[in-house]
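Only one structure is covered here, and it is reproduced in the block below.
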Amino acid sequence: MNAATRFKLPPVVMPEQDPVERVHNVREVPLGFTPEMALQEAQRCLHCTNQPCVEGCPVGVRIPEFIQAIESCDYLAGIGIIKQTNLLPAVCGRVCPQEDQCQKNCTVGKAHRDVGQAVQIGQLERFLADWERENHAAVIPQIPSASGKRVAVIGSGPAGLTVAGDLIKLGHAVTVFEALHMPGGVLGYGIPEFRLPKEIVYQEVAYLTTLGVDFQYNMVIGKSITVDEVRKDYNVIFIGSGAGLPNFLHIPGENLLGVYSANEYLTRTNLMHAYDENSDTPILRGKSVAVLGGGNVAMDSARTALRLGALRVMVIYRRSEEEMPARKEEYHHAIQEGVEFHFLQNPVEILGNGEGWVTGLTVQKMHLGEPDASGRRRPLPIAGQTSNVPADVVVVAIGNDPNPLIPAALPGLQVNKHGGIITDEDTMETSVPGVFAGGDIVLGAATVILAMGQGRKAAHAIHAWLTRTTETS
Amino acid sequence: MNMIRKREELGRNVVRYVVDAPLVATHRKPGQFVIIRVTDHGERIPLTIADANPEMGTISLIVQSVGKTTREMAMLRPGNAIHDIVGPLGRPTHIQRFGTVLCMGGGIGIAPLYPIAKGMKEARNHVITVLGARTYDLLILEDDMRNVSDELIVTTDDGSYGTKGLVTDAIRSLVNGGTHIDQAVVIGPPLMMKFTSLLTKELGIPTMASLNPIMIDGTGMCGGCRVTVGGEIKFACVDGPEFDAHEVDWDSMIRRLGTYRTAEQVAADRYDHECRVGLDAGELR
């Protein structure tokens with residue numbers, strides 16, 4: 001097929017659960033490509049010699065090559081190519097912001113001046129990963145003989161899983177310490193089932209267990225065992241403890257009954273299955289839910305509220321639609337499902353009744369001024385323009401800071417003013433020799449793929465570090 | 001899985017468990033707590049560590065059956081296991097030689113008070129303990145507390161044991177009698193903590209209170225346990241569980257404890273019903 005023919009092929013439309021139906025269940029929304037759809041979409045790739053898409057990928061997945069494998073219907077080869085650089089394709093295919101990364105750079109999209117016309121790289125990645133999982137086709141790699149070196153990974157989120165996977169394959173012994181009773185970090189407690197089925201996360205962990213990674217749950221490092229004890233037993237430590245410290249607005253009424261941080265709202269629902277009426281973990285099922293914030297976590301919270309039976313869900317955001325950091329796809333899905341968006345509204349007070357239950361909030365109308373430090377136009381209040389919005393549940397989704405537990409337990413570990421661990425950009429080594437860090441504990445709340453990218457960098461550097469210490473010892 | 005070694009009924013609906021948790025046993029300090037899940041589908045609940053035996057690798061947990069999860073836990077016997085235990089969590093109690101320390105305990109709160117009183121005694125403080133219970137049947141750990149206290153006063157609301165009255169009455173008469181107190185610690189039902197704090201504030205006695213709000217992860221991740229202390233949001237799981245009792249916004253804390261009262265009642269009733277059905281079936285066999 002020549003380039004001109006390829007270029008004319010329209011994007012394959014991803015089948016999705018009907019919005020009316022799906023708000024009553026927690027099953028995944030996009031249903032995935034059939035082999036025919038995957039083939040058709042793969043044929044849209046122009047196989048550019050300069051590979052701009054690969055440039056756009058934080059872990060440098062060899063995108064045109066795996067797409068070629070789909071065209072040749074050699075799925076095993078395709079997934080093999082992805083897995084050389086990306087340990088968690090089933091996860092990334094679903095939750096990566098491809099429209100800002102690989103697909104943003106895609107020649108097809110650029111030629112159409114519409115990123116929506118780009119080759120759907122994420123969906124093709126998901127297709128191969130799902131094929132591998134559903135067909136039990138995961139290949140167990142040859143692992144070199146044991147190096148005798150031991151690596152402790154703190155946290156089983158995307159950064160930690162990447163480090164564990166990379167280093168076990170190089171022959172090192174790896175133990176992952178997880179504070180919760182289930183693995184995955186934010187993939188488990190944060191991202192909803194309808195966007196990332198937990199079974200996928202648990203299967204990825206099971207695969208790592210097969211390779212020999214030892215997962216220890218209910219282990220809070222610095223509490224259950226000290227960092228010094230870990231250092232005694234392991235040659236190297238990787239900290240991937242995430243951005244688990246929710247921010248609040250510090251406005252009146254935030255402690256009223258029915259006000260949640262997004263972390264709590266999502267953890268109750270995802271990790272503890274509160275969406276199931278028979279779950280032992282309760283959650284307040286509001287009829288009118290206000291979600292404060294405009295990121296992906298706000299979208300996840302709003303869509304979760306619908307699935308918990310809310311009749312009205314409002315996202316209240318202080319800037320405009322244009323500045324909203326949520327992925328377009330999530331925004332679009334939320335609108336399809338009936339979420340209301342109240343732009344240029346800044347919550348100034350949460351209102352309650354005499355018994356302390358939330359009844360609504362007061363919002364201040366804003367307009368956009370000059371760009372601020374983030375490069376986005378700064379929202380400014382319009383004097384005298386406030387109004388009240390009724391709500392019986394309020395979810396605060398305005399971001400997270402790095403969790404301070406590990407930094408507090410390791411004297412000498414340097415952190416920045418937001419509490420993020422300071423690392424060498426290339427090696428991810430911290431100010432404490434032999435201690436590396438990556439993911440949201442370094443970046444602040446970022447993305448799964450950036451966390452994995454840092455995990456990959458750290459794994460390279462840790463391997464070099466371990467090899468070096470072997471030679472000198 | 002954490003095997004239960006010993007089970008002992010301490011009072012009405014109150015059970016003490018000695019359970020395997022070797023890392024917690026060797027690392028815990030007075031004032032810290034664990035989060036447990038009784039079963040693999042259970043909720044996560046915080047429980048204070050009442051005592052520990054590092055040599056045996058066991059900890060003691062004292063549980064009062066109030067909701068579904070604690071009732072389910074009360075059914076467990078030696079040989080059964082608690083599915084998950086994570087900890088020790090929270091900051092340890094600040095223990096030093098203050099002089100005279102007043103330990104005030106109420107209801108199930110006497111359980112976490114015990115290791116603190118013991119620690120205070122070991123730090124060579126003069127320990128005066130005041131325990132309060134609604135009625136004698138509900139009083140726990142009297143002998144254990146007596147062993148670590150220089151003076152022990154018990155009050156019951158109904159006068160069935162000790163002095164009739166409230167803990168606050170006993171403190172007032174202590175102070176009126178000329179006893180000087182350098183530091184106080186209070187753990188008990190929220191209302192008892194609120195009113196004892198108001199009193200010690202009036203009397204100018206520095207007071208620490210250990211809070212037990214609703215929690216999920218216990219690592220500062222969810223913010224569900226937030227309390228207002230001195231006008232600021234604090235997370236009891238990582239910033240506490242102990243705070244300056246005179247700075248705690250008690251009314252807000254007490255209200256937040258009631259967030260799931262309706263759901264808890266429904267779950268407990270349903271559990272009781274299922275249990276009875278289950279027992280009947282067992283008896284028929």
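Just so we're on the same page: letters track the sequence lines, and every chain starts at 1. This is a predicted model, so every value here is computed, not measured.
Using a 4.5 Å cut-off between heavy atoms, A:Ile283 contacts chain B through its backbone alone, with no side-chain atom that close. Contact of A:Ser241 with chain B is not made at all, since no heavy-atom distance falls under 4.5 Å. No part of A:His273 comes within reach of chain B, as not one of its non-hydrogen atoms sits under 4.5 angstrom from that chain. At a 4.5 Å heavy-atom cutoff, the contact between A:Glu355 and chain B is made by backbone atoms alone. Heavy atoms closer than 4.5 Å to chain B are found in the side chain of A:Tyr189, but not in its backbone.
The main-chain N or O of A:Glu254 is found under 3.5 Å from a side-chain atom of B:Arg226 such that the two form a donor-acceptor pair.
The shortest distance between side-chain heavy atoms of A:Glu264 and B:Met215 does not fall below 4.5 Å. The shortest side-chain heavy-atom distance between B:Glu43 and A:Pro282 falls under the 4.5 Å cut-off. Counting heavy atoms from C-beta on, the side chains of A:Val186 and B:Met221 never come closer than 4.5 Å. Using a 4.5 Å cut-off on side-chain heavy atoms (C-beta onward), A:Glu229 and B:His27 make contact. Using a 4.5 Å heavy-atom threshold, the side chains of A:Thr267 and B:Asp217 count as separate. Annotation: side chain of A:Asp280 is in contact with side chain of B:Glu72 (closest heavy-atom distance under 4.5 Å). The side-chain heavy atoms of B:Leu89 and A:Val220, taken from C-beta on, include a pair separated by under 4.5 Å.
Within the structure, ring pair (Phe, Tyr, Trp, His ring centres under 6.0 Å) pairs that include any residue of residues 48-92 of chain B do not occur (at least two apart or interchain).
Ring orientation note: the planes of A:Phe248 and B:Phe235 are nearly perpendicular, at an angle over 60° on the 30°/60° scale.
In terms of heavy-atom proximity, A:Ser224 sits nearest to B:Pro88 at CA-CD, 4.0 Å. Taking both residues in full, the closest heavy atoms of B:Gly220 and A:Asn403 are given as C-ND2, 4.3 Å, listed atom of the first, atom of the second, then distance. Considering every non-hydrogen atom in both A:Ser261 and B:Cys222, the closest pair reads OG-O, 2.5 Å.
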Practice task
Applying side chain to side chain contact (heavy atoms under 4.5 Å, CB included), run through B:Ile35 and A:His181 and close with a yes or a no.
Solution key: CA-CA 10 Å; B:Ile35 286 184; A:His181 58 271; over 6 Å; no
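Ranked by non-hydrogen atom pairs under 4.5 Å with chain A, the options B:Asp40, B:Ile85, B:Val266, B:Ile45 are led by B:Ile85.
Partner of B:Tyr260 under the side chain to side chain contact (heavy atoms under 4.5 Å, CB included) criterion, out of A:Leu257, A:Leu284, A:Thr281: A:Leu284 alone.
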